[in-house]
Amino acid sequence: MVSEKPFAEFQLECENVLANALEKLFPEIQITHIPLEKPPILELGQLASSLCFELAKQLHEKPLVLAKRLVKSMDEKQFSLIEHVAPAGGGYINFHLNFAKFAALTIESVKQLDEAYGFSKVKEPVKIIVEHTSVNPLHPIHIGQARNPMLGDTIARLLMARGHTVYRHYYIDDVGRQTSVVAYGYDKLGRPKPDTKPDHFIGPIYTITSCLVEINRLKRELNRAKIVQVEDEIIKINRELDEWVSISAELSSKYPQLFEELLNKISEDENPENSINRLNKAYEEGEPKAKSLIRKVSELCFEGFKQTLNRIDVSYDSWDWESDFVLGGHVAEVMQKLKQTPYVFMQTGVWEFNAEDVAQRLNLKTKLGLKEDYTIPSLTLARSDGTTLYTTRDIAYTLWKFKKAQKVINVIGVEQTLAQLQLKIALYALGFHQYADNLVHFAYNLVSLPGYKMSSRRGRYITFDEVMDEAVKRAYDEVSKRSPQLSDAEKRKIADFVGIGAVRYALVEVDPSKPVVFTWDRVLNFETNSAPYIQYTHARACSILRKAAKKSEKTAYTLLKEKIEHEILLSLASFPDTFIEATEYLKPNLIADFANSLADKFNTFYNALPVIKAEPQGLSNARLTLVDAVRIALRNALNLIGIVAPEKM
RNA sequence: GGGCCCGUAGCCCAGUACGGAUUAAGGCGCCGGCCUUCGGAGCCGGAGAACGUGGGUUCAAAUCCCACCGGGCCCGCCA
């Protein structure tokens with residue numbers, strides 16, 4: 001017998017048995033939902049119901065008495081996976097598994113379904129776009145931003161495994177003002193060829209240019225403020241200026257030559273800010289020179305990004321240039337349509353979108369989880385020079401995405417929650433209610449460095465490449481220490497998947513809603529609760545299977561009587577349920593937890609009990625099938641979060 | 001000022017959507033053990049927790065409700 005969800009079979013059986021007993025004993029009672037949960041310890045059974053505590057109120061009888069009566073009236077002929085049922089505690093009904101049958105069902109199911117085990121499919125698959133990463137082409141991807149592709153890619157893998165058609169999209173923000181800043185600096189330098197990894201080459205150009213332009217702007221503002229003599233203003237500008245000046249000192253000591261060169265070139269420009277704004281406007285208007293410059297800089301960055309992401313096995317089905325939606329007229333069209341709604345008004349020379357009004361008229365607040373008396377800020381749709389703004393462009397992009405898919409998941413940091421809300425409300429305003437309902441903002445929290453926030457504008461960040469390099473280097477040291485006999489090539493290969501796996505695991509394992517402080521030992525963990533630990537466990541299982549002699553016919557599942565064996569079986573059998581939960585509620589960390597916890601159990605088992613040498617042969621065979629099932633579940637779970645499951649390491 | 005998120009051992013972190021039993025689960029670090037046995041990146045044991053505070057609802061609260069405290073994010077003609 002094979003089941004896609006072995007533990008769920010048991011659960012269903014318990015539900016039916018209990019429902020039937022209830023019907024027989026108290027036909028007048030109507031219960032829509034039968035509560036069943038996992039008891040805290042194995043001795044109390046594998047599922048338990050607290051039903052009697054609720055019944056007690058209606059029936060004016062003690063819970064334990066009710067539990068006893070219900071258990072007594074159960075029809076044991078209906079028991080298949082249930083071994084026996086017992087009233088317990090203050091009124092629980094405990095269901096005990098028939099482990100002999102359950103072991104056979106679980107192990108056979110894992111073995112038969114093999115690469116598909118755990119990946120329970122939805123009945124009605126849909127097309128889903130997962131937009132993730134979308135780091136701006138300004139500088140290398142840093143570790144804070146790296147949380148995004150790790151989560152996004154894992155979510156995409158989960159949804160695919162669930163049977164959906166998933167498209168992974170990268171949204172290239174080449175229209176933002178910052179892109180013009182870096183392009184301006186690059187142009188001033190005479191558009192040099194990179195002498196290092198291209199994104200690492202562009203990064204300092206962006207940071208220094210941005211800093212110099214900022215200082216230039218603040219100085220001009222300061223002069224203006226001095227003329228009109230607004231004291232508060234002067235103090236505020238001075239404070240900002242001081243900060244940027246100290247950043248510039250940092251940058252000039254870090255990149256003396258580049259800094260000097262950019263400083264000289266930019267100083268020639270009377271008003272760099274104006275030049276940048278002009279470039280930005282020219283790009284939006286499709287002016288060929290501007291286009292070739294900005295695309296060139298962006299592409300250099302992406303060349304680097306692709307290398308980085310490739311290393312960690314993240315790829316995309318589509319790279320979407322934001323500028324295409326501006327140049328193709330989509331954004332203008334959206335503007336036009338929005339203006340036709342009653343929700344757009346003119347204020348101090350720019351068009352504003354009144355999200356609050358939409359929410360009120362369409363009665364959206366409760367639906368969107370907002371308090372009734374919270375006022376949603378309005379959204380500015382365009383700059384006064386006619387250029388577009390990010391969220392407006394995103395509306396056009398989102399409409400385009402919904403032509404290709406029924407559901408859109410945007411993996412974007414929490415700091416953009418309001419913008420994502422306004423985007424959704426704009427879809428309602430335009431009449432696309434279904435799109436709005438199926439637009440999901442998957443928010444994740446920030447990664448900071450101890451003591452301060454990461455800031456790409458200030459050049460304070462640790463790059464994703466650095467983190468991976470360090471992880472691989474550390475892994476190489478570990479491998480050399482533990483397996484000195486291996487060839488250098490083998491060591492490097494192992495170090496690579498161990499180091500990269502460790503990074504990936506560390507970023508997927510924490511609840512996305514929690515902020516993370518980056519420390520090296522968070523990521524460079526090779527012990528319990530890390531990818532290397534799970535990989536090691538997997539390799540260990542493979543090793544046993546390699547060494548085991550070809551087994552004879554009989555496999556005595558009934559001999560799997562040890563508590564730890566039962567715990568492993570339960571864990572294996574629940575993998576599909578964990579997978580479904582992780583996918584439906586978008587909680588990729590559940591998969592990491594599952595793999596780690598199964599590895600823990602397996603190692604305990606491994607140390608306590610012999611497998612190959614177990615007597616009699618039937619037991620040894622049964623344990624071998626258990627080891628094989630663990631191997632399969634670990635591999636499937638690791639693959640789901642994009643980590644290599646090695647046979648040796 | 002308003003909105004949202006987070007608060008669980010010295011440190012990190014699960015459990016909170018859907019309230020349930022015993023002793024609140026792990027990891028790091030610390031202390032003590034385990035290599036003549038299938039891979040020690042491992043295993044076993046020990047010490048370590050007012051689940052931010054105070055109320056409330058309930059037979060039952062880390063979990064639900066209210067208030068407060070601490071930290072973060074957002075409220076831009078940035079993205």
Side-chain angles (χ1 to χ4, degrees), chain A residues 33 35 37 39-41 43-44 48-50 53-54 56-57 62-63 88-92 94 134 136 173 175-179 347-352 369-371 373-377 379-385 387 389-391 393-394 412-419 421 443 445-446 448 453 457 475 478-479 481-483 498 509-511 513-517 519 521-522 525-530 532-537 539-548 581 585 587 589-590 593 596-597 599-600 603-614 623-624 627 648-649:
Chain A
H33 169 72
E37 69 255 10
I41 52 172
E43 287 71 19
L44 293 173
S49 182
S50 56
F53 294 99
E54 282 184 47
K57 262 179 285 182
K62 287 199 165 154
Y92 287 93
N94 292 347
S134 304
N136 296 350
D173 174 24
V175 186
R177 228 188 66 100
Q178 291 161 313
T179 324
Q347 191 181 59
T348 59
V350 287
W351 294 104
E352 292 280 330
L370 304 169
K371 284 189 180 167
D373 51 6
Y374 167 66
T375 307
I376 306 163
L379 171 73
T380 306
L381 291 169
R383 295 191 186 93
S384 47
D385 73 353
T387 55
L389 256 15
Y390 171 77
T391 307
R393 298 191 295 263
D394 206 3
I412 300 178
V414 267
E415 70 277 10
Q416 292 197 42
T417 303
L418 176 60
L421 176 70
N445 220 310
L446 299 177
S448 58
K453 223 173 110 175
R457 282 182 74 201
E478 290 295 312
V479 180
K481 208 164 67 195
R482 296 168 201 279
S483 311
V498 166
E509 177 242 5
V510 283
D511 182 333
S513 72
K514 305 220 176 179
V516 164
V517 177
T519 54
D521 53 328
R522 178 191 283 278
N525 176 20
F526 296 90
E527 292 173 17
T528 308
N529 195 15
S530 71
Y533 170 71
I534 301 163
Q535 288 172 318
Y536 177 75
T537 308
R540 209 177 208 186
C542 291
S543 171
I544 296 179
L545 295 165
R546 270 196 306 273
K547 293 214 167 106
E581 193 185 342
Y585 296 100
K587 291 168 103 173
N589 51 313
L590 293 185
D593 286 345
N596 185 60
S597 137
D600 274 344
N603 284 318
T604 297
F605 162 82
Y606 174 90
N607 269 274
L609 304 167
V611 175
I612 295 171
K613 291 181 180 168
R623 284 189 180 153
L624 278 167
V627 171
K648 291 180 184 177
M649 66 184 269

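Only this structure's heavy atoms are used, side chains among them; waters, hydrogens and symmetry mates stay out. Numbers restart at 1 for each chain; the letters A, B, ... are given by sequence-line order, proteins then strands.
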Have a look at [X] and say if it touches a base, only the backbone sugar-phosphate, or nothing, with a 4.0 Å heavy-atom cut-off.
{"X": "A/I544", "answer": "sugar-phosphate"}
{"X": "A/A419", "answer": "base"}
{"X": "A/L379", "answer": "nothing"}
{"X": "A/A443", "answer": "nothing"}
{"X": "A/K371", "answer": "sugar-phosphate"}
{"X": "A/N94", "answer": "base"}

Check: A/Y390 main-chain N/O paired with A/D394 side-chain donor or acceptor under 3.5 Å:
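Such a contact is absent between A/D394 side chain and A/Y390 backbone.
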Ring pair (Phe, Tyr, Trp, His ring centres under 6.0 Å) against A/F53, all qualifying residues, sequence neighbours excluded:
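If we apply the ring pair (Phe, Tyr, Trp, His ring centres under 6.0 Å) test to A/F53, skipping adjacent residues, the hits are A/Y92.
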If I compare all heavy atoms of [X] with all of [Y], which pair ends up nearest, and what's the gap?
{"X": "A/L418", "Y": "A/I376", "value": "CD1-CG2, 4.4 Å"}
{"X": "A/A88", "Y": "A/N94", "value": "CB-ND2, 3.2 Å"}
{"X": "A/S49", "Y": "A/P35", "value": "OG-O, 2.7 Å"}
{"X": "A/V414", "Y": "A/A443", "value": "CG1-CB, 3.7 Å"}
{"X": "A/P610", "Y": "A/R623", "value": "O-NH1, 2.8 Å"}
{"X": "A/V517", "Y": "A/R522", "value": "O-NE, 3.2 Å"}

Taking the same atom, [atom1], in [N] and in [M], what whole-Å distance lies between them?
{"N": "B/C11", "M": "B/G29", "atom1": "P", "result": "16 Å"}
{"N": "B/U8", "M": "B/G26", "atom1": "C1'", "result": "12 Å"}
{"N": "B/A14", "M": "B/A25", "atom1": "C1'", "result": "7 Å"}
{"N": "B/C13", "M": "B/G7", "atom1": "P", "result": "10 Å"}
{"N": "B/C6", "M": "B/C51", "atom1": "C1'", "result": "14 Å"}
{"N": "B/U57", "M": "B/C65", "atom1": "C1'", "result": "7 Å"}
{"N": "B/U53", "M": "B/C69", "atom1": "C1'", "result": "7 Å"}
{"N": "B/A67", "M": "B/G76", "atom1": "P", "result": "26 Å"}

Rounded to the nearest 0.5 Å, how far apart are [atom1] of [X] and [atom2] of [Y]?
{"X": "A/N596", "Y": "A/I534", "atom1": "CG", "atom2": "CD1", "answer": "5.0 Å"}
{"X": "A/Q416", "Y": "A/L421", "atom1": "CD", "atom2": "CG", "answer": "13.0 Å"}
{"X": "A/L545", "Y": "A/R540", "atom1": "CG", "atom2": "CZ", "answer": "13.5 Å"}
{"X": "A/S543", "Y": "A/Y606", "atom1": "OG", "atom2": "OH", "answer": "7.0 Å"}
{"X": "A/R177", "Y": "A/L389", "atom1": "CZ", "atom2": "CG", "answer": "11.5 Å"}

Could you write nucleotides 7-19 of chain B as a row of B, S and -, 5' to 3', where a protein heavy atom under 4.0 Å of any base atom gives B, of only sugar-phosphate atoms gives S, and otherwise -?
S----SSS--BB-
Measure the distance from [atom1] on [X] to [atom2] on [N] and round it to the nearest whole Å.
{"X": "A/D373", "N": "B/G1", "atom1": "CG", "atom2": "C1'", "result": "14 Å"}
{"X": "A/I612", "N": "B/U37", "atom1": "CD1", "atom2": "P", "result": "14 Å"}
{"X": "A/E37", "N": "B/U22", "atom1": "CD", "atom2": "P", "result": "13 Å"}

Just so I know, are the side chains of [X] and [Y] near enough to count as touching, which here means a heavy-atom distance under 4.5 Å?
{"X": "A/D600", "Y": "A/T528", "answer": "yes"}
{"X": "A/D511", "Y": "A/S513", "answer": "yes"}
{"X": "A/E581", "Y": "A/L590", "answer": "yes"}

Is there a donor-acceptor contact under 3.5 Å linking the side chains of A/N603 and A/T537?
yes
Distance-only polar pair, side chains of A/Y533 and A/N525, donor-acceptor under 3.5 Å
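A/N525 and A/Y533 do not have a side-chain donor-acceptor pair below 3.5 Å.
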Pairing stems for RNA chain B [at least three consecutive pairs; Watson-Crick or G-U; under 3.5 angstrom]:
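The stems are B:1-7 with B:69-75, B:10-12 with B:26-28, B:30-34 with B:42-46, B:52-56 with B:64-68.
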If you find the nucleotide of RNA chain B closest to A/F53 and the one closest to A/K613, which residue's nucleotide is nearer the 5' end?
A/F53
Pairwise 5' ranking along RNA chain B for A/A48 and A/F605, keeping only the more 5' one
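The residue closer to the strand's 5' end, by nearest nucleotide, is A/A48.
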Between the protein and nucleotides 73-78 of chain B, list the N/O to N/O atom pairs that are separated by less than 3.5 angstrom.
from  : atom 1 : to     : atom 2 : distance (Å)
B/C77 : OP2    : A/T380 : OG1    : 3.3
B/C77 : O2     : A/S384 : N      : 2.7
B/C77 : O2     : A/S384 : OG     : 3.0
B/C77 : N3     : A/S384 : OG     : 3.0
B/C77 : N4     : A/T348 : O      : 3.0
B/C78 : OP2    : A/R383 : NE     : 2.6
B/C78 : OP2    : A/R383 : NH2    : 3.1

Between the protein and nucleotides 41-47 of chain B, are there any N/O to N/O pairs under 3.5 Å, and if so, what are the atom names and distances?
from  : atom 1 : to     : atom 2 : distance (Å)
B/A41 : OP1    : A/Y536 : OH     : 3.3
B/A41 : OP2    : A/R482 : NH1    : 2.6
B/A41 : O5'    : A/R482 : NH1    : 3.3
B/A41 : O4'    : A/R482 : NE     : 3.4
B/A41 : O4'    : A/R482 : NH1    : 2.5
B/A41 : O4'    : A/R482 : NH2    : 3.2
B/G42 : OP1    : A/T528 : N      : 2.9
B/G42 : OP1    : A/T528 : OG1    : 3.1
B/G42 : O2'    : A/R540 : NH1    : 2.9
B/G42 : O2'    : A/N607 : ND2    : 3.2
B/C43 : OP1    : A/Y533 : OH     : 3.1
B/C43 : O4'    : A/N607 : ND2    : 3.0
B/C44 : OP1    : A/T604 : OG1    : 3.0

Would you mind calling B/C68 syn or anti? Take O4'-C1'-N9-C4 for purines or O4'-C1'-N1-C2 for pyrimidines, and syn is within 90° of 0.
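Anti conformation here, the glycosidic angle of B/C68 being more than 90° from 0.
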Are any protein N/O atoms closer than 3.5 Å to N/O atoms in nucleotides 66-68 of chain B? If there are, list each pair with its distance.
none

